[in-house]
Amino acid sequence: MGYWLMKSEPDTYSIDDLKRAGCEPWDGIRNYQARNMIRDDMRVGDKVLFYHSSCKVPAVVGLARVASKPYADPTQFDPSSKYHDPKSQQDDPRWLLVDVEYKRHLQQPIPLSELKEHSELADFQLVKRGNRLSIFPVQKAHWDFILGLE
DNA sequence: GCCAACGTTGGC
DNA sequence: GCCAACGTTGGC
């Protein structure tokens with residue numbers, strides 16, 4: 001069982017949007033580190049912390065689930081998409097995604113500022129400087145501690 | 001392969 | 001809007 005955090009800008013795609021959709025292809029990942037983790041480490045059933053970034057109150061806001069194996073992100077082949085990658089080949093797709101399924105909102109969002117107050121989370125990737133990955137694994141101990149704050 | 005310039009992310 | 005921290009690009 002894997003545990004992940006996935007960031008999204010709520011102005012672009014929020015936890016409420018995912019709730020409405022139920023399940024959605026998580027497209028637009030264009031970072032090789034993130035791509036490699038999707039490709040090599042994501043499994044159906046893995047659990048996901050849904051995080052709102054670049055907004056008034058950056059916070060963990062809900063729970064989701066990996067709902068598919070990795071597959072080629074179709075937006076890389078779509079010239080009208082902002083995620084279009086003209087260098088990616090159909091027979092050798094550069095970018096992958098997984099489907100993400102809504103589980104639930106947290107009872108209350110847990111703001112980044114609150115996460116930073118806990119020494120238990122000192123090694124949590126989200127609170128580290130220079131953290132820019134939009135997807136990264138979460139240690140089980142961190143996962144349990146964060147949900148214990150709910 | 002090095003490195004400067006540039007672009008992006010994301011908190012504040 | 002500012003800035004730090006990266007990642008990417010391209011000249012050499």
Side-chain angles (χ1 to χ4, degrees), chain A residues 2-21 24-42 46-66 70-139 141-150:
Chain A
Y3 298 86
W4 302 91
L5 183 141
M6 299 176 78
K7 298 179 185 175
S8 187
E9 301 187 13
D11 291 344
T12 303
Y13 198 86
S14 73
I15 185 75
D16 297 317
D17 294 320
L18 184 62
K19 181 179 185 179
R20 270 190 292 275
E24 195 92 271
W26 203 256
D27 59 21
I29 300 295
R30 294 294 181 271
N31 172 283
Y32 287 105
Q33 262 184 280
R35 191 279 312 270
N36 292 347
M37 289 190 289
I38 290 171
R39 183 188 61 197
D40 301 333
D41 299 327
M42 278 203 162
D46 283 359
K47 296 180 174 185
V48 176
L49 291 175
F50 195 107
Y51 177 77
H52 280 173
S53 66
S54 296
C55 56
K56 292 62 56 191
V57 183
V60 176
V61 293
L63 301 180
R65 172 183 178 273
V66 175
Y71 61 97
D73 181 341
T75 62
Q76 69 197 303
F77 303 122
D78 177 1
S80 69
S81 170
K82 66 170 175 172
Y83 299 123
H84 181 229
D85 184 348
K87 294 181 191 164
S88 186
Q89 302 299 314
Q90 285 277 356
D91 56 359
D92 185 23
R94 181 177 297 187
W95 305 112
L96 302 174
L97 55 69
V98 292
D99 293 340
V100 174
E101 176 188 307
Y102 175 81
K103 295 293 282 184
R104 66 177 178 86
H105 282 59
L106 297 188
Q107 296 165 39
Q108 299 288 334
I110 305 174
L112 178 62
S113 58
E114 180 178 343
L115 296 173
K116 285 181 170 176
E117 291 171 2
H118 297 283
S119 60
E120 290 89 342
L121 299 177
D123 293 332
F124 184 41
Q125 197 156 347
L126 192 67
V127 308
K128 295 242 185 137
R129 291 191 339 167
N131 140 60
R132 299 196 328 168
L133 274 181
S134 60
I135 296 179
F136 55 84
V138 178
Q139 296 173 31
H142 290 158
W143 177 280
D144 291 340
F145 183 83
I146 291 164
L147 290 190
L149 297 173
E150 197 181 0

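Each chain gets a letter, A, B and so on, in the order its sequence line appears, and its residues count up from 1. Predicted, not measured: the structure shown is a model, and the values here were computed from it.
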Exercise. For residues A:Asp99 and A:Tyr71, is any side-chain donor paired with an opposing acceptor at under 3.5 Å?
Worked result: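 Present: a donor and an acceptor within the cut-off.
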Taking OP1 and OP2 of [N], is either one under 4.0 Å from a side-chain nitrogen or oxygen of [X]?
X	N	result
A:Tyr51	B:dT9	no
A:Arg132	C:dC6	no
A:Lys116	B:dC12	yes
A:Lys7	B:dT9	no

Between atom [atom1] in [X] and atom [atom2] in [N], what is the gap in whole Å?
X	N	atom1	atom2	value
A:Asp11	B:dT9	CG	P	14 Å
A:Asp85	C:dT8	CG	P	12 Å
A:Arg35	C:dG7	CZ	P	15 Å
A:Asn36	C:dG7	CG	P	13 Å
A:Leu126	B:dG10	CG	P	10 Å
A:Lys56	B:dC12	NZ	C1'	14 Å
A:Leu133	C:dA5	CG	P	16 Å
A:Tyr83	B:dT8	OH	C1'	13 Å

Exercise. Can you check whether A:Leu97's main-chain N or O pairs, donor with acceptor, with A:Asp27's side chain at less than 3.5 Å?
Worked result: no
Exercise. Can the ring centres of A:Trp4 and A:Phe50 be said to be less than 6.0 Å apart?
Worked result: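 Not close enough - the centres of the two rings lie 6.0 Å or further apart.
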Exercise. Counting only heavy atoms not in A:Gln108, do more than 12 fall under 6.0 Å of its CD?
Worked result: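 Result for CD/A:Gln108: open.
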Exercise. Which nucleotide, C:dA5, C:dG7, B:dG11, lies nearest any side-chain atom of A:Arg129?
Worked result: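 Taking heavy atoms from C-beta onward, the closest nucleotide is C:dA5.
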For this session: Could you work out which one of B:dG10, C:dG7, C:dT9 sits closest to the side chain of A:Asn31?
Result: C:dG7
Exercise. Could you walk me through whether A:Lys19 and A:Asp16 pass the salt bridge (Lys or Arg N to Asp or Glu O under 4.0 Å) check?
Worked result: CA-CA 5 Å; A:Lys19 181 179 185 179; A:Asp16 297 317; over 6 Å; no
